[in-house]
Chemist: 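This is the structure I want to talk about, given as structure tokens.
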Amino acid sequence: LSHLVSFFPLLQIALDPCNPNPCQQGVQCHSIEGRYICACPDGYYGNECMTLKHPCIGQHCPGEIKMCAS
């Protein structure tokens, strides 16, 4: 079996960090030097654009509270 391996060249597989796309919010992933960058839309940040910059914007505050706590 070991002599069969010598007949086949080694395959090098380039891993694409954008496949599958780790970016959230429907943004495109950009692969640069084996790493990925997500261009987050306004209002989001983080490696995958999952964190809201202002988590209370657009959310209803419960009860009589007029401001959400973030």
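Below, each value reflects all heavy atoms present in this structure, side chains not excepted, and no hydrogens, waters or symmetry copies.
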Chemist: Answer whether the closest heavy-atom distance between the side chains of C29 and P22 falls below 4.5 Å.
Modeler: yes
Chemist: Calculate, to the nearest 0.5 Å, the distance between atoms SG and CD belonging to C23 and Q28 respectively.
Modeler: 8.5 Å
Chemist: Quick one: name the residues clustered hydrophobically with Y36, using the 4.5 Å side-chain heavy-atom rule over I, L, V, M, F, W, Y, and just say none if it's on its own.
Modeler: none
Chemist: State the CG-OG distance between N19 and S31, to the nearest 0.5 angstrom.
Modeler: 10.0 Å
Chemist: Does P41 have any side chain to side chain contact (heavy atoms under 4.5 Å, CB included) partners at least two apart in sequence or in another chain, and if so, which?
Modeler: Q25, V27, Y44, C49
Chemist: With sequence neighbours excluded, what pairs up with T51 under the side chain to side chain contact (heavy atoms under 4.5 Å, CB included) test?
Modeler: Y45
Chemist: So which residues get pulled into I32's cluster when ILVMFWY side chains under 4.5 Å apart are joined, directly or through others?
Modeler: I37
